[in-house]
Amino acid sequence: MMSYATNGLDINSNINTKKTVFTINNVREGNQLAIKDLNGIILYKEKIAKSGTYSKGFDLTSLPSGSYLFELQKDLEIKSFPFTVKDEKVIFNGEETIIYKPFVTLKGNHVYVSKLALNEEPLEIKIYRNSELIYSEEIKNTKTIEKVYKLSTSGRETNNYTMVLKSNDREYFEYLTL
């Protein structure tokens, strides 16, 4: 079976080959591509070497019967392309899904956090100073999350901050020094 995954996920088949050709447009150098099972176990991982169109053949028929996904990690989003392997046949299960990552910017001692949450998925934010939890918040029921936090600076002493952001069953870490 041969199939092509683009931003629209086109699928073509050819019985004479066992390779699945995964093709996706608009990738950037440094993006991460992975093949995962539904438990989140990474079976394959690769850093994209060249911006533009990515295309590579995979023999997915050797995987045990079950559900899997291609996952493309971009700067601010994660695109997933689900597929199933059954009796050495590869079947793509539908359209890509997109998860938007939280974005953190530090300007002076102000931290700006933003996230697009089209399905109004919650975002949990925890801020630690020198390993001590100093703030915790969960933002729910909004499609656009925009928050600003003012971090304290105490004279000559350096403070190390860690932000833990949880959304869509994933954790993101930001490390800041003031």
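All heavy atoms count here, side chains included; hydrogens, waters and symmetry mates do not. Computed from a predicted model, the values in this text were never measured in an experiment.
Sorted by first and then second residue, the pairs that involve residues 168-178 and meet salt bridge (charged side-chain N to carboxylate O under 4.0 Å, His left out), not counting sequence neighbours, are Glu71-Arg170, Lys166-Glu171. Pairs of residues two or more places apart, or lying in two chains, that qualify as ring pair (Phe, Tyr, Trp, His ring centres under 6.0 Å) and include a residue from residues 123-152 are Tyr135-Tyr149. Screening residues 39-50 for salt bridge (charged side-chain N to carboxylate O under 4.0 Å, His left out) gives Glu46-Lys56 as the qualifying pairs, with residues at least two apart or on separate chains. For the side-chain hydrogen bond (donor to acceptor under 3.5 Å, both in side chains) condition, the pairs that include at least one residue of residues 103-115, sequence neighbours left out, are Lys115-Glu121.
Note on Ile139: it clusters hydrophobically with Val111, by side-chain heavy-atom contacts below 4.5 Å among ILVMFWY residues. Leu33 and Ile99 are members of different hydrophobic clusters when ILVMFWY side chains are connected at heavy-atom separations under 4.5 Å. Leu133 and Val113 are not part of a single hydrophobic cluster, where members link through side-chain heavy atoms under 4.5 Å apart.
No side-chain donor-acceptor contact under 3.5 Å links Lys74 and Gln32.
When all heavy atoms are compared, the tightest approach of Leu69 to Pro82 is CB-CA, 3.9 Å. Pro64 and Val85 get closest at one heavy-atom pair: O-CB, 4.0 Å. In terms of heavy-atom proximity, Asn31 sits nearest to Arg28 at OD1-N, 2.8 Å. Closest heavy-atom contact between Ser167 and Leu123: CB-CD1, 3.9 Å.
Taking the side-chain contact (heavy atoms from CB on, under 4.5 Å) definition, one finds that Lys143 meets it with Glu120, sequence neighbours left out. With sequence neighbours left out, the side-chain contact (heavy atoms from CB on, under 4.5 Å) criterion links Ile98 to Glu77, Lys79, Glu96, Tyr100. Under the rule for a side chain to side chain donor-acceptor pair (under 3.5 Å), the partners of Asn130 that lie at least two apart in sequence or sit in another chain are Asn159. With sequence neighbours left out, the side chain to side chain donor-acceptor pair (under 3.5 Å) criterion links Lys140 to no other residue. Qualifying side-chain contact (heavy atoms from CB on, under 4.5 Å) partners for Glu29, counting only residues two or more places apart in sequence or in other chains: Ser51. With sequence neighbours excluded, the residues satisfying ring pair (Phe, Tyr, Trp, His ring centres under 6.0 Å) with Tyr44 are Phe58. Remark: Thr177 engages Thr158, Asn160 in a side-chain contact (heavy atoms from CB on, under 4.5 Å) (not counting sequence neighbours).
Taking CG of Asn39 as the start and CD1 of Ile42 as the end, the distance is 12.5 Å to the nearest 0.5 Å. Once rounded to the nearest 0.5 Å, the distance linking CD1 of Ile35 with CG of Leu43 reads 7.0 Å. Between atom OG1 of residue Thr20 and atom CG of residue Leu63 there is a gap of 9.0 Å, rounded to the nearest 0.5 Å. The structure places OH of Tyr161 at 3.5 Å from OG of Ser152, a figure rounded to the nearest 0.5 Å. Between Ile125 atom CD1 and Ile145 atom CD1 the span is 7.0 Å, to the nearest 0.5 Å. A distance of 12.0 Å separates CZ of Phe173 from CE of Met163, quoted to the nearest 0.5 Å.
Between the side chain of Asp59 and the main chain of Thr61, a donor-acceptor pair closer than 3.5 Å is present.
The residue from Phe22, Phe81, Phe83 that alone fulfils the ring-ring contact (aromatic ring centres under 6.0 Å, His included) condition with Tyr68 is Phe83.
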What's the verdict on side-chain hydrogen bond (donor to acceptor under 3.5 Å, both in side chains) for Arg129 and Thr162, showing C-alpha distance, side-chain angles and the deciding distance? CA-CA 7 Å; Arg129 180 178 54 223; Thr162 303; over 6 Å; no
Taking it one step at a time, do Val104 and Leu165 satisfy side-chain contact (heavy atoms from CB on, under 4.5 Å)? CA-CA 10 Å; Val104 176; Leu165 306 132; 3.7 Å; yes
With side-chain contact (heavy atoms from CB on, under 4.5 Å) as the criterion, how do Ile78 and Asn168 come out once you've worked through the C-alpha distance, each side chain's angles and the decisive distance to 0.1 Å? CA-CA 11 Å; Ile78 301 168; Asn168 301 96; over 6 Å; no
Run Leu151 and Leu176 through side-chain contact (heavy atoms from CB on, under 4.5 Å) and show every step you take. CA-CA 10 Å; Leu151 302 178; Leu176 311 166; 4.1 Å; yes
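Counting Ile, Leu, Val, Met, Phe, Trp and Tyr side chains that sit under 4.5 Å apart, directly or through other members, Leu76 shares a hydrophobic cluster with Phe103.
The shortest side-chain heavy-atom distance between Glu137 and Lys147 falls under the 4.5 Å cut-off.
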